[in-house]
There are 2 protein chains.
Amino acid sequence: MSTTPTVYDVAERSGVSIATVSRVYRNPDSVRAETRERVLTAARELGYVPSGNARGLASRSTGILGLCFPDYSDPDAEAGEADDEDAAMLYSDQIIRGMERAARRHGYALLIAASLKGGPESLVAKVAGRVDGFAVLARTVPTEELEIISRRQPVVMLAGPREGTDHLDHIEVANFDGQSELTRHLIEDHGLRRLAYIGSAEESPDVEARFRGYLAACRAGGLEVADEPDLRVRMMTQAEGAHALDALFARHGAWPEALVFANDQMAVGALHALAERGLRVPDDVVVTGFDGIPLSRLVRPALTTVRQPMLRMGEEAVELLVKRLSGARDADPVSLVLPVSVARRGSCGCRDGEGVEPGVR
Amino acid sequence: MSTTPTVYDVAERSGVSIATVSRVYRNPDSVRAETRERVLTAARELGYVPSGNARGLASRSTGILGLCFPDYSDPDAEAGEADDEDAAMLYSDQIIRGMERAARRHGYALLIAASLKGGPESLVAKVAGRVDGFAVLARTVPTEELEIISRRQPVVMLAGPREGTDHLDHIEVANFDGQSELTRHLIEDHGLRRLAYIGSAEESPDVEARFRGYLAACRAGGLEVADEPDLRVRMMTQAEGAHALDALFARHGAWPEALVFANDQMAVGALHALAERGLRVPDDVVVTGFDGIPLSRLVRPALTTVRQPMLRMGEEAVELLVKRLSGARDADPVSLVLPVSVARRGSCGCRDGEGVEPGVR
DNA sequence: ACCTAGAATGAATGCGCTTACAAGCGCATG
DNA sequence: CATGCGCTTGTAAGCGCATTCATTCTAGGT
């Protein structure tokens, strides 16, 4: 419709200069009460809304924190429009929640952007140019690029350990410990000997660390294992998890006693596929995941997995960013390691339910 | 560290004018390939990242869609830091998911901001000034204010019917139909006669519509009911739901056969509280909710409720915004009504589980 | 009444980019 | 050889606000 009103319009209408209008919003106390009211009234009448862009440009800050993540979504799920009801949260959703919560506390808004087919450049550039600082999930964008950006604004990398000399802040979880503890549980407590690990070690440093944890536990338990996963995958999605079964079977011609997946999504996909084949979990084969997404508790049997404090990761990311933004700009890079915990549930043969559900059981 | 590079720096380094640098990013084809490479190289060497603010200011668009919502979070939940594992999605989380998904498809990023104690003005102003268009959950901000803003940018209101003459786009769900169908189910299929409705009709138009649906079904079933809810609440949180039990009991001195809550959060809170009192659901009392948040299926017994297509609401919101942004700016206001479905689960006495869970049961 | 320290306001500038508009260029046309 | 056209690139004028500095106003102080 009509052109959107600006400070100039408000200034004219209230008979002051644009500087005063600006002050009314930025620093109300520096303007005489009477003048202030006059300005606010004019603004209201005009329907004035300050331009965030102009403000940001002039003041060099936006009051926004960002989050970039890769496209985790399951292609299948995308296809089926009816999955509304089944909408379980993914990894990234939890982090969004955590960041949003913490950002709100600090008066920041949150800008979230997931990469699509479009080159990663465009993604980060888009976000980086619009926020005061941001977090990135591993593998969303090359580290070098982040290095460059982090020279001018805080960047924290989620779920990756520091690689050699990078100057980024990192937040990761105890991948090694978690996976090795879970594996130990399978071996010692359930007496399983023939395990198979499914996941790609190159996928991310996290998955790499998990696999090393698995290896360590296997060896500690006296099992002989190869130096690399029994199966590598590309995507770590449900579809891939289901597909993994075929691949495994084709290769070995028999089922191992336990399928140790590098994340929950794949494990859930496998659960599906096993049910279709008429195989019982955990009786015929044990399945475990990693992450502790809510869906892991919804499936039957509930998935034994390693819970990451995903919400907290998001919160810590924001805390870190805020800290950098308020002073500690070039303090040494931080590398946080958050603890994980093994959730022993039905899919490994432990009793189901953990007492956290409300209501009578 | 050093001052962040700008177009000027890139232009100088690559021996072109700033206009050309700009073109390289905005309209690559209009620049000779050789020149383009030169510019991109210089940009890379300098670590140049275009300023979203400046771009937005100059081009009057941001490539960002926004979402504003009120503070839905449960105070209790906030307090207990250990609820990570229990992190169930709330209403707003689902909408975020939907919007993010759709926004990504259209090449937009999503800015999310929840109101805090800070006046609502600041909230909407902050968002409105930074996005091309945005969605608002009901009751986040007064409608008049939105009216004003919607004169210059698309605004869609989620979960509220159009009020008289407002010019906003609306997306709502079939609140009336859903609640009345659920109520009918309790009366006809389960033979219940003494029901109680808990929820505030002023809370929002949605809740108002739900209550009317409840009334209609009660009357159709030959029950006599008062013209207003048996209990009004302020917050619709879990705490409030638990508290509602006391209030109800204090007032009537006895339990009704069924507690019909206006949303899931309260119903879950009630489930907790009933368990603490040693009352069995559904044997001693039936409980129902509304929304169909994932948590509703996690509790024991699973909650009978009315499922809203929350994910889809978010998606539709984005579609509407995008449509407005690409042409149909002053088409007539749209008012979408999305269908709901009743989920009959354990808390009303129907068998639990609905066949949607993967894996063997 | 006169002077002065503050407080309140205005004028002017720049933030980094987009985008008409114009200018320069090589080349086919008449 | 003058003309005109398409393709590239440069020039310059903002976009709407924050902020510095200068200016005016106000309230004490003497």
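Residue numbers start from 1 in every chain, and the chains themselves are labelled A, B, ... in the order their sequence lines are given, proteins ahead of strands.
At the phosphate of C:dC15, neither OP1 nor OP2 sits under 4.0 Å from any side-chain N or O atom of A:S59. Residue A:T35 places no side-chain N or O under 4.0 Å from the OP1 or OP2 atom of C:dA8. Note on A:Y48: a side-chain N or O is less than 4.0 Å away from OP1 or OP2 of D:dC17.
Counting non-hydrogen atoms under 4.0 angstrom, B:Y25 reaches nothing in the nucleic acid.
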Please report the C-alpha distance between A:Y25 and A:Y48 in whole Å, then the side-chain angles of each, then the deciding distance to 0.1 Å, and finally whether the ring-ring contact (aromatic ring centres under 6.0 Å, His included) criterion is met.
CA-CA 12 Å; A:Y25 287 92; A:Y48 167 70; 5.6 Å; yes
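With the end axes of the helix from C:dA1-D:dT30 to C:dG30-D:dC1 each set by five pairs, the angle from one to the other reads 50° at 10° resolution.
With D:dT9, C:dC17, D:dC17 as the candidates, the nucleotide lying closest to the side chain of B:V31 is D:dT9. Residue B:V7 places its side chain closer to C:dC17 than to any other of C:dT9, C:dC17, D:dG16.
The CD atom of B:E34 sits 12 Å away from the P atom of D:dT8 (whole-angstrom rounding). Straight-line distance from the CG atom of A:N27 to the C1' atom of D:dT20: 14 Å, rounded to whole Å.
Within residues 15-24 of chain A, the residues having any heavy atom closer than 4.0 Å to DNA chain C are, in order of number, A:G15, A:V16, A:S17, A:A19, A:T20, A:R23.
The pair B:E100-B:R104 meets the salt-bridge criterion, with a side-chain N (NZ, NE, NH1 or NH2) lying under 4.0 Å from an Asp/Glu carboxylate O.
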